[in-house]
Amino acid sequence: MWSHRAYYASPALRVLLASLGAASFQRSILWWVYLHRAHHRYIDTDRDPYNAKRGLLYSHFGWLFYRKEMDTNNGIDIADLHNDPVVTWQHRHFNFIGFLVGVLLPFLIVGLGWNDWPGAIVYAVIFRIYYILNATFTVNSLAHWAGDQPYSDAYTARNHFITAILTLGEGWHNFHHEFPSDYRNGVRWYDYDPTKWLIWISEQTGFALGLKRFKDENIELSRVQQQQKVLNRREAGLDIGPPLHTLPVVEWEDYEQQVKEGRRLISIAGVVHDVADFIAEHPGGEAYIKSGIGKDATAMFHGGVYHHHNAANNLLAGMRVAVIRGGGEVEAWKTHRR
């Protein structure tokens with residue numbers, strides 16, 4: 001709800017969720033959501049707090065030893081959280097709420113209810129906190145390591161039934177990263193996802209509303225496209241080009257400077273391509289492709305000179321070398337004007 005605005009909750013449910021969240025001892029909503037949004041925005045890069053490409057142990061708990069305090073200059077917007085009275089209340093009183101709901105309350109319930117005070121501290125408090133922490137960390141680690149990728153392989157997130165069991169439904173993580181504002185993780189009715197059932201029940205009882213669901217046709221389209229992508233790669237025996245998220249991000253000025261220094265680069269849809277080895281082979285002749293060097297050739301490529309189809313797009317993908325910050329020349333111009 002707070003990370004992706006997947007639904008709206010009544011004040012009573014918001015306070016309950018904030019209190020139980022404090023009981024998990026993973027710091028405040030403000031801090032947790034900030035890192036989670038950063039994870040989605042910068043997934044699998046050095047700016048991803050739980051970067052799975054740094055290894056299973058790092059993404060599980062190792063990141064805690066390297067995590068700096070909030071870097072407010074990395075473009076993560078949490079203004080909505082600062083305007084939420086429940087979030088600010090929990091952030092100010094996190095330690096007190098966590099102790100009250102996460103330690104004292106379960107300790108008294110087990111101690112008084114079963115007259116088992118040692119069990120209360122060992123199982124209801126220590127073991128419970130230990131399990132909840134590791135279950136949550138499993139979403140950062142195991143859910144990016146084991147399983148399949150039915151909706152997209154552009155990032156490491158994966159679906160796995162065992163991870164779903166361990167995390168109360170968070171194991172359908174490939175779906176979550178492709179459709180983050182959907183309140184479900186297990187989109188199929190039989191997918192084990194107690195969390196979506198609880199949210200649905202909250203809606204039926206009036207404690208939640210506005211549950212967001214991606215259209216079935218959009219979900220199916222992503223699944224079919226990914227399936228076809230895998231089949232095409234298998235048939236060709238190779239990848240068509242480096243994924244965009246693995247490329248360096250450069251400024252428009254850097255792109256122009258590299259061209260001045262002699263590189264044969266063309267920008268199409270915000271992606272820089274090195275066409276040096278292709279100029280002589282260009283079916284339309286050298287003049288056309290040379291005319292786009294150092295420019296934003298998006299319109300030329302997509303119908304301005306010739307409307308290229310799948311084969312040309314696949315060939316172009318193999319020439320990717322960088323991504324332009326902001327998308328292209330127009331954005332750079334806007335920045336200068338500001």
Side-chain angles (χ1 to χ4, degrees), residues 1-7 32-45 47-53 59 75-77 136-197 199-200 210-234 239-247 249 269-271 313-314 317 320 323 327:
M1 179 183 67
W2 277 295
S3 292
H4 302 294
R5 303 170 187 167
Y7 65 98
W32 200 100
V33 171
Y34 177 88
L35 292 184
H36 190 71
R37 288 181 181 178
H39 169 60
H40 274 260
R41 179 169 181 175
Y42 301 115
I43 182 171
D44 298 337
T45 70
R47 303 186 78 176
D48 178 355
Y50 330 115
N51 186 2
K53 291 191 173 181
S59 59
I76 303 302
D77 181 15
T136 305
F137 295 163
T138 295
V139 182
N140 300 332
S141 58
L142 195 60
H144 287 262
W145 180 71
D148 57 3
Q149 297 176 299
Y151 300 104
S152 175
D153 61 0
Y155 30 73
T156 54
R158 297 172 179 273
N159 284 2
H160 202 287
F161 175 72
I162 298 300
T163 312
I165 294 293
L166 295 173
T167 60
L168 296 179
E170 290 280 351
W172 315 109
H173 208 51
N174 190 255
F175 176 84
H176 173 64
H177 270 272
E178 191 70 3
F179 307 100
S181 60
D182 197 305
Y183 83 96
R184 305 163 296 179
N185 277 308
V187 65
R188 298 169 298 189
W189 69 267
Y190 55 85
D191 287 335
Y192 179 77
D193 187 357
T195 303
K196 74 175 178 186
W197 301 333
I199 295 172
W200 181 83
L211 275 59
K212 295 180 181 176
R213 304 170 178 86
F214 275 82
K215 294 181 179 179
D216 292 341
E217 53 265 34
N218 291 344
I219 296 172
E220 181 63 13
L221 179 60
S222 290
R223 189 191 67 79
V224 171
Q225 286 176 329
Q226 174 61 17
Q227 186 179 53
Q228 189 61 47
K229 179 181 177 182
V230 172
L231 289 174
N232 289 343
R233 286 180 175 178
R234 288 175 180 171
D239 197 347
I240 62 173
L244 294 179
H245 68 277
T246 65
L247 300 176
V249 178
V271 180
N313 279 279
N314 293 339
R320 298 169 180 162
V323 175

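Nothing fancy with the numbering, it's 1 onward along the sequence. All values below were derived from every heavy atom in this structure, side-chain atoms included, with hydrogens, water molecules and symmetry-related copies excluded. Computed from a prediction, not measured in an experiment: that's the story for all the values here.
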Check: Trp32 and Ser3 side chains under 4.5 Å, non-hydrogen atoms: yes

Qualifying residue for ring pair (Phe, Tyr, Trp, His ring centres under 6.0 Å) with His4, from His39, His177, His36: His36

Ile219 versus Phe175, closest heavy-atom pair with distance: CD1-CE1, 3.8 Å

Residue pair Asp182, Lys212: steps toward the side-chain contact (heavy atoms from CB on, under 4.5 Å) verdict: CA-CA 5 Å; Asp182 197 305; Lys212 295 180 181 176; 6.0 Å; no

Partner of Thr156 under side chain to side chain donor-acceptor pair (under 3.5 Å), chosen from Asp48, Asp44, Asn174: Asp44

Evaluation steps, side-chain contact (heavy atoms from CB on, under 4.5 Å), between Tyr50 and Ser141: CA-CA 8 Å; Tyr50 330 115; Ser141 58; over 6 Å; no

Step-by-step side-chain contact (heavy atoms from CB on, under 4.5 Å) determination, Thr167 to Leu142: CA-CA 10 Å; Thr167 60; Leu142 195 60; over 6 Å; no

Approximate separation, where rounding is to 0.5 Å, of Leu211 CG and Lys196 NZ: 12.0 Å

Minimal non-hydrogen separation, His160 against Ala146, with atom names: CB-O, 3.6 Å

Arg213 atom CZ, over 12 foreign heavy atoms within 6.0 Å: yes

Test applied, side chain to side chain donor-acceptor pair (under 3.5 Å); reference residue, His173; option that passes from Glu178, Arg158, His144: His144

Over all atoms of both residues, closest heavy-atom pair of Pro194 and Gly169: CD-N, 4.0 Å

Gap separating the CZ atom of Phe161 from the CG atom of Asp148, nearest 0.5 angstrom: 13.5 Å

From Asp191 atom CG to Trp172 atom CH2, the distance as rounded to the nearest 0.5 Å: 4.5 Å

Distance (rounded to the nearest 0.5 Å) between Tyr151 OH and Glu220 CD: 8.0 Å

Separation of Glu217 CD from Ser222 OG (nearest 0.5 Å): 11.0 Å

Flag, side chain of Arg47 to backbone of Ala38, donor-acceptor distance under 3.5 Å: no

Phe179/Phe214 aromatic ring centres below 6.0 Å: yes

Pairwise side-chain contact, Ser59 with Trp145, heavy-atom cut-off 4.5 Å (strictly under): no

Among Asp193, Val139, Leu168, side chain to side chain contact (heavy atoms under 4.5 Å, CB included) partner for Asn185: Asp193

